[in-house]
Amino acid sequence: MTSHDAGKILAGKVALVTGAGRGLGRAFAEKLAALGADIAVHGMREHGPAEYGEGTTLTAVAAEIGQQFGVRSHRALGDLTKGDDISRVIAEAEGALGPIDILVHNAGGDIAAAGGKPDPNDAVNIGEADVRAVLERNLLSTILTCQAVAKGMMARRRGRIVTLGSVAAFKGRTQGSIYAVSKAGVTHYTRCLADQLREYDIAVNCIAPGDTRTGRFLGTRAVDPNRMVENGTLDRIATVDEVARVVEFFAGPMGAFVSGQVLRIDGGGQCWPG
């Protein structure tokens with residue numbers, strides 16, 4: 001092994017990262033590719049990466065990741081609230097790259113049925129269509145995608161699954177309440193799945209980021225410039241790499257005996273159990 005290859009701890013592995021066209025999802029895909037994994041880059045829309053100025057097309061993102069890190073890559077389009085789409089995404093990814101060893105289910109967001117944030121977005125007045133859209137985009141997509149990927153992992157008796165929660169899951173909140181509920185559901189589904197997959201040697205964990213400087217985060221709200229520093233304080237907005245490093249832990253050798261855990265990545269903004 002050359003010194004160049006010494007850091008390729010995931011060489012020979014295949015990872016599917018959902019919602020990987022931009023933001024945290026792309027950072028996760030790039031982190032796993034840098035470690036040597038071949039990457040299936042999933043997105044819901046071909047031009048999704050351009051929505052907040054973080055890319056052009058999903059096809060281009062997949063190609064760029066493959067070229068930059070010297071791994072095989074594949075682009076997969078689909079709506080992960082629909083079982084048929086999930087089956088097709090997995091079949092395409094595995095047909096191109098081989099069986100999935102690592103799933104990072106990042107797809108989701110506090111997004112209304114018609115796009116954008118729900119308005120109103122509180123616990124009482126949010127509309128039914130938006131309640132369903134937020135629950136489906138976050139909780140239902142997590143359950144259905146993990147089910148579909150887990151079946152193959154169980155048959156092979158190997159794999160890692162990382163789901164995306166949020167610090168929103170651990171605190172009651174008037175605004176964004178259905179999103180918070182959906183992420184609380186993701187948190188507990190992760191624990192349930194981890195319990196079932198123990199005997200199959202499959203570790204399942206959840207990361208719960210706080211505020212993170214993605215294009216969507218920065219483009220959809222006013223941000224305190226004092227929280228955009230990158231050192232000197234933990235009372236700040238995380239960089240995408242600070243979150244992606246935790247995915248590296250859960251997906252790599254150091255995470256082999258860690259399962260059923262939910263890890264906040266928020267600089268200590270929430271210092272209580274749960």
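What you see is a predicted model; the values in this text were computed from it and never measured.
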Worksheet item: So, for T239 and E242, which heavy atoms are closest and what is the spacing to 0.1 Å?
Response: N-OE1, 2.9 Å

Worksheet item: What heavy-atom pair brings C146 and T163 nearest, and what distance separates the two atoms?
Response: SG-CG2, 3.9 Å

Discussion item. Keeping R236 on the side-chain end and T233 on the backbone end, is there a donor-acceptor pair under 3.5 Å?
Written reply: yes

Worksheet item: Do you see a donor-acceptor pair shorter than 3.5 Å between the side chains of H105 and T18?
Response: yes

Worksheet item: Do the side chain of R137 and the main chain of D110 share a donor and acceptor less than 3.5 angstrom apart?
Response: no

Discussion item. If the threshold is 4.0 Å, N to carboxylate O, is there a salt bridge linking D241 and R245?
Written reply: yes

Practice prompt. Looking only at non-hydrogen atoms, find the nearest pair between A107 and G19 and report the distance.
Written response: CB-N, 3.9 Å

Worksheet item: Do NZ/NE/NH1/NH2 and the carboxylate oxygens of R160 and D101 come within less than 4.0 Å?
Response: no

Discussion item. To check you understand the geometry: which heavy-atom pair defines the closest contact between G108 and N138, and what is its length?
Written reply: CA-OD1, 3.4 Å

Fill in: More than 12 heavy atoms of other groups within 6.0 Å of K13 NZ
no

Response to the item:
Heavy-atom nearest pair, R45 first then L77, reads C-CD2, 3.5 Å

Worksheet item: Any sub-3.5 Å donor-acceptor pair from E248's side-chain atoms to L32's backbone N or O?
Response: no

Practice prompt. Check G210 against V167 and note the closest heavy-atom contact, atom names and distance.
Written response: CA-CG2, 3.6 Å

Worksheet item: If only atom types and distance count, is the side chain of T145 paired as donor or acceptor with the main-chain N or O of I143 below 3.5 Å?
Response: no

Discussion item. Would you say CG of D84 has more than 12 non-hydrogen atoms from neighbouring residues, nucleotides or ligands within 6.0 angstrom?
Written reply: no

